[in-house]
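To keep things clear, I will list the structure first and then write my remarks on it.
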Amino acid sequence: MMQSFKTKVAHLLDNGDKLELEAFVEADSHDHAFTLAQARLKEVVSQLAAAPAIDIDKSKIEQGAHKH
């Protein structure tokens, strides 16, 4: 049975940066929802890479922050 899932997936880069995607998907299991979110992240990265500019709709900037 298909259900709605709110997913969050992240790719961590070697330098400690993180690219995170929150997506809503319809899936029949947790594993299926993860697979769909993973595919969506890849699709979004491809779209952003092809765009001449990236519109930022939300930001959070912290001064004096340290990597953990």
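These numbers were taken from a predicted model, which means no experiment stands behind them.
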Single-linkage hydrophobic cluster, 4.5 Å side-chain cutoff, L48 and L12 together: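 No; L12 is not reachable from L48 via cluster members.
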If Ile, Leu, Val, Met, Phe, Trp and Tyr residues are connected whenever their side-chain heavy atoms lie under 4.5 Å apart, and connections chain through other members, are V45 and V25 in the same group?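 No: no chain of side-chain contacts under 4.5 Å links V45 to V25.
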Just jot down the side chain to side chain donor-acceptor pair (under 3.5 Å) partners of Q3, sequence neighbours excluded, or say none.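 None.
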What residues join M1 in its hydrophobic cluster, counting side-chain heavy atom gaps under 4.5 Å, either direct or through other members?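 When side chains under 4.5 Å apart are linked, M1 ends up in no cluster with other residues.
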Taking T7 for its side chain and A23 for its backbone only, find out whether a donor-acceptor pair lies under 3.5 Å.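 Yes; judged by distance alone, with no hydrogens or angles, the pair exists.
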Separation between CD of E26 and CE of M2, rounded to the nearest 0.5 Å: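 E26 CD to M2 CE: 6.0 Å, rounded to 0.5 Å.
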Report, as yes or no, whether the 6.0 Å neighbourhood of atom CG on N15 holds more than 12 heavy atoms from other residues, nucleotides or ligands.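 Yes - once you tally the heavy atoms of other residues, nucleotides and ligands closer than 6.0 Å, there are more than 12.
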So which atom in L21 and which in R40 form the shortest heavy-atom distance, rounded to 0.1 Å?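 Closest approach of L21 to R40, heavy atoms only: CD2-CG, 3.6 Å.
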Is there a side-chain contact between K18 and H11, using heavy atoms and a 4.5 Å cut-off?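 A side-chain contact under 4.5 Å is absent here.
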Apply the side-chain contact (heavy atoms from CB on, under 4.5 Å) test between L19 and each candidate in L41, V9, V44; give the one that qualifies.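 Answer after filtering L41, V9, V44: L41.
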With sequence neighbours left out, write down each residue that passes side chain to side chain contact (heavy atoms under 4.5 Å, CB included) with A27, or none if nothing qualifies.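 Once residues adjacent in sequence are excluded, the partners of A27 under the side chain to side chain contact (heavy atoms under 4.5 Å, CB included) criterion are F5, H32, A33, L36.
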